[in-house]
Amino acid sequence: MSVEAPAPPRLRPGRVLRAGPVSGLLRWQQVVVPVAGFAVLVLAAALSMGRGDFPIGVGDVLRTLVGLGEGPQQFIVLGLRAPRVVVGALVGLALGVAGALFQTFARNPLASPDTLGITMGASVGAVAAIVLSGGSSAGAVLGGLGVPLAALLGALVTGALLFALTWRAGVDGYRLVLIGIALWSAGTALTDWLLTNAEIYDAASAYVWITGSLNARTWDDVLPLGVAVAVLLPLALAAGRVLGVLQFGDDTARGLGVRVSAAQAAVVLLAVFLVAFAVSAAGPITFVALVVPQIAVRLTGGSRPPLVASGVLGALLVVAADLVTRTVLPQALPVGILTAAIGAPYLLWLLVRGRRRATL
Amino acid sequence: MTLDTGTELLHRAALPGEPPRVRLAAEHVRLAYDEQVVVDDLDLELTEGSFTAIVGPNGCGKSTLLRALGRLLRPTSGQVLLDGRAIARTPTREVAKVLGLLPQTPVAPEGLTVGDLVARGRHPHQSWLRQWSRDDEAVVAEALAWTDMSDLAGRPVDALSGGQRQRAWISMALAQGTDLLLLDEPTTYLDLSHQIDVLDLVARLHAERGRTVVVVLHDLNLAARYAQRLVAMKGGALVASGTPAEVLTEELLAGVFDLEARVMADPVTGTPMVVPVRRLR
């Protein structure tokens, strides 16, 4: 028997897209938020590249970016200032997407690379490379790697530990957060120990790294991060469809035909790699991965942090924060201080204003 | 496309005189959580178009058995067969097109609408490119209409009452389009009238949609009223199986539930009705 459905007015809030064998659903916010975010990002990036000892107007910056610039301007914008902004944007993008992956998967907005200890692991690696390089032979090896590589290693080792300790024929979100917090504490203790034993000059440069900074980035810093994002981002977007089902919990997801353990492993590993490369390029720029997905889900609606919007807004937050530290403030601060200073009040405002609880 | 397309072709009904086909079977299954064995050496066959209720005291292993039948729990020995094929070796996505399940008190993510929830039921039929076909849309619309949830499609699941929420989940299971449906205590936390509402819906799925239904139920009177077959379990073993009248006897209630009770005919349906006297021991 077949009942005639009287075509209910709005089944799902969204617009149906169909072209040949391809079909999907999109809500208008899911398009408008990233597009608007991207437009603002381009503007902020152009402003940022125009600021400095040799000011350049936004129009000239944009002309230079599309290849119409003149000699000195081209060198200043593309050679000196663009890498800083591009690193900032890529780091924000990676952190935003990784945060959305972690939070959706763990069904817990507290799950972010900061609280899970992964950025702290990167700090341990970086600080060890800075502080120990003059001392023991092991320290010299670490110092020889260079700070970015040591940070990447620290993040990946912590990520592997997190994964190994949480894995029990699958990953439980709650367990992930608890073990992550334990790893974070261990990492903090280790970093503090390294710093207290450090020469004062080393300690100062380690502190700058720990707060997260975009100072003195070159195209050499862009390359590894750019390649990592180019590989990992499409994979993360492909995982998005399964993520929407994983959200229901293991039993329901398995009932709907998802290979839960494999999907969980893929999501966690993708997020760990995204964070590791981001942190290795700019230090642990805190709060982006925690706050941006929560802002994005409140702007787009829906039941989980959107990946694309989280990425774009993450890039925007880092680039804008970097712009503000260099222009508005009397002295240049590391960008990590400002992302927390901007992000936290905005999240609080959204939480106070919205009816939505702080859960997923 | 209707909700049932595809399945009739694969699974035609048994001809008169032919024994009904076994859809789902447990063969010598032993089920354990870590080291603790919950069910040992259990055999069970579920035939095409049957409506079976699994009953038994708390901790007897009935939910564990249902989880194993729905391949959520892998037997430590023995196997579960779906249409004669080992379910553990069948791709989980293929299983999801034939067998749907509703876990006990499932949780929907906050902010998810009823329409979105029911649409997720189409997941096993979708791919990365084909995320929302006309079939999906038609099936979801029909599942919503059939469960009387169309008007609530835009409402967040967490804003619904308990009874409505359960209807939404059943609607999702319906949209999944499977001809086997396993439900783990679908009436938990519902008041009596909503229990009846949910079980009426399940009974209609069985009667009008030809779904093969297995349900774990606590309430013996409701189990006897709705199911064609009762399976009674105690201490991880199958104790009795048959029609409600065959299974629900005063001796069985004493042996399985430690309950002294009278069994009489339900004045409405004539099925057995349990009137408890006192707990034994």
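- Under a 3.5 Å cut-off, the side chain of Arg120(B) and the backbone N or O of Gly244(A) do form a donor-acceptor pair.
- Residues Pro103(B) and Asp251(A) come closest through the heavy atom pair CG-CB, 3.8 Å.
- Residues Leu256(A) and Arg122(B) have side chains not in contact (no heavy-atom distance under 4.5 Å, counting atoms from C-beta outward).
- Residue Phe273(A) qualifies as open at atom CZ: its count of foreign heavy atoms under 6.0 Å is 12 or below.
- The part of Val107(B) that comes within reach of chain A is its backbone (N, CA, C, O), which places non-hydrogen atoms under 4.5 angstrom from that chain.
- Atom CZ in Arg168(A) sits 7.5 Å away from atom CG in Asp34(B) (nearest 0.5 Å).
- Between Leu101(B) and Arg254(A) there is no side-chain heavy-atom pair separated by less than 4.5 Å.
- Considering only residues two or more places apart in sequence or on other chains, Tyr226(B) meets the ring pair (Phe, Tyr, Trp, His ring centres under 6.0 Å) condition with none of them.
- For Leu99(B), the part lying under 4.5 angstrom from a heavy atom of chain A is the backbone only.
- Interface remark: Val260(A) contributes no atoms to any contact with chain B (heavy atom separation under 4.5 Å).
- More than 12 heavy atoms of other shown residues, nucleotides or ligands fall within 6.0 angstrom of atom CZ in Arg175(A).
- A donor-acceptor contact shorter than 3.5 Å links the side chain of Gln176(B) to the backbone of Gly255(A).
- Of the two parts of Arg67(B), only the side chain, counted from C-beta on, holds a non-hydrogen atom closer than 4.5 Å to a non-hydrogen atom of chain A.
- Applying the salt bridge (charged side-chain N to carboxylate O under 4.0 Å, His left out) test to residues at least two apart or on different chains, none of the pairs has a partner in residues 255-269 of chain A.
- The CG atom of Leu112(B) sits 7.0 Å away from atom CD of Gln247(A), with the distance rounded to the nearest 0.5 Å.
- Dense packing is recorded around CZ of Phe163(A), with more than 12 heavy atoms of other residues, nucleotides or ligands lying under 6.0 Å away.
- When side chains are defined from C-beta on, Phe248(A) counts as touching Pro109(B), because their heavy atoms get closer than 4.5 Å.
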